[in-house]
Amino acid sequence: MGLCFSSPAAGTGTNACYVDKVSNLPVDSVISGTGTNSCYIEKLENVELWNGDYEDPRQVIINTEWGAFGDNSCLDFVRTRYDKEVDENSLNPGNQLFEKMISGMYMGELVRRCLVHLTEEGLFFGGQGSQKLYEMYAFKTKYVSMIESDRKHVFDETRKVLSEMGLEHATPEDCENLKLVCARFSTRAAFLVSAAVACILNRLKRPHTTVGVDGSVYRYHPHFHDLMEKKISELTAPDHKFDLMLSEDGSGRGAALVAAVAVRTAH
């Protein structure tokens, strides 16, 4: 019996590679959901700490653990008061700061804290909040996707969310502004992930890379894919082409594929 461990990011990359095996393209993988991480395939000659064998294909999967990016304060210049509040009230203050700006675990809470601030300033809901609005993590990240799925000047999904939050007294102007607040946080998340992906693509300098992406934020947000595609294109060299591919249940399927390869290799 063989036992094999695969991180979600590595599993997503493995699954994307399997699904996209016909094109035989190099794969990078990204998790953008409850948490965030990425892995990519690196040449052994570029891995200074490698002490394993150097047999073909002379490549290794690098797990970036980029959720911890910024823990050394290098992101402080872009962190807002809401980022700091979320971090201070989290289970791991000072850690996983990049993840806390991006992932589905925190996006709804970032929006909620912004709404609380604007309500206390009298700029939302006539200055009158609700019990739910002041409850930590009551504003779910799925609400962001629901609200942004409404067409322009249409508030069907927005009104459903406001009803669940006990904010039925919201005006049409509140609804429009709420959509704007949600878009600011989700767009920032998409752009931050894109910047990180672009760094990897520019480092690898491949003519084409398939980027397998898994996670609830990427999968269910109505604009996340398009935002990432646009921003990555802006930040990468023109000759570094890429495709974003949804790798459904990538971590689970990928882990199974890695285990199967390990068992086969052992025999």
State whether a side-chain donor-acceptor pair under 3.5 Å links [X] with [Y].
| X | Y | result |
| --- | --- | --- |
| S186 | H221 | yes |
| T158 | K179 | no |
| E42 | Y40 | yes |
| E109 | Y82 | no |
| D243 | H208 | yes |

Give the minimum heavy-atom separation between [X] and [Y], together with the two atoms involved.
| X | Y | answer |
| --- | --- | --- |
| L162 | C175 | CD1-SG, 3.7 Å |
| A170 | D174 | CA-OD2, 3.5 Å |
| F155 | P172 | CZ-O, 3.8 Å |

Whether [X] side chain and [Y] backbone form a donor-acceptor pair below 3.5 Å:
| X | Y | value |
| --- | --- | --- |
| D56 | R58 | no |
| Q59 | I41 | no |
| K231 | L192 | no |
| S73 | D76 | no |
| D71 | Q96 | yes |

> Would a 4.5 Å heavy-atom cut-off, applied to side chains only, mark D239 and P207 as touching?
Replying inline: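 Not in contact.
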> H240 versus K205: any side-chain heavy-atom pair under 4.5 Å?
Replying inline: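 Yes, their side chains come closer than 4.5 Å.
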> When the ring centroid of H225 is compared with that of Y218, is the distance short of 6.0 Å?
Replying inline: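 Centroid separation for H225 and Y218: below 6.0 Å.
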> Quick one: ring pair (Phe, Tyr, Trp, His ring centres under 6.0 Å) partners of F185, sequence neighbours excluded?
Replying inline: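 With sequence neighbours excluded, F185 shows a ring pair (Phe, Tyr, Trp, His ring centres under 6.0 Å) to no residue whatsoever.
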> Given the rule in the side-chain contact (heavy atoms from CB on, under 4.5 Å) test, do V78 and M101 qualify, once you have shown the distances and angles that lead to the verdict?
Replying inline: CA-CA 10 Å; V78 292; M101 299 174 73; 4.0 Å; yes
Charged N to carboxylate O under 4.0 angstrom, [X] versus [Y]?
| X | Y | result |
| --- | --- | --- |
| E164 | K160 | no |
| R219 | D214 | yes |
| D83 | R188 | yes |
| K84 | E88 | no |

>> For R113 and M136: C-alpha separation, side-chain torsions, deciding distance, then whether side-chain contact (heavy atoms from CB on, under 4.5 Å) applies.
In response: CA-CA 8 Å; R113 287 182 176 275; M136 283 182 61; 3.8 Å; yes
>> Measuring from atom CG of L178 to atom CD of E173, what distance do you get when rounded to the nearest 0.5 angstrom?
In response: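 L178 CG to E173 CD: 12.5 Å, rounded to 0.5 Å.
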>> Quick check for you: to the nearest 0.5 Å, what is the distance between L110 atom CG and E85 atom CD?
In response: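 Here the rounded value is 9.5 Å.
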Per-pair distances, 0.1 Å, donor-acceptor, side chain in residues 120-130, under 3.5 Å, sequence neighbours excluded:
residue	atom	partner	partner atom	Å
S130	OG	L133	N	3.2
S130	OG	M165	O	2.6

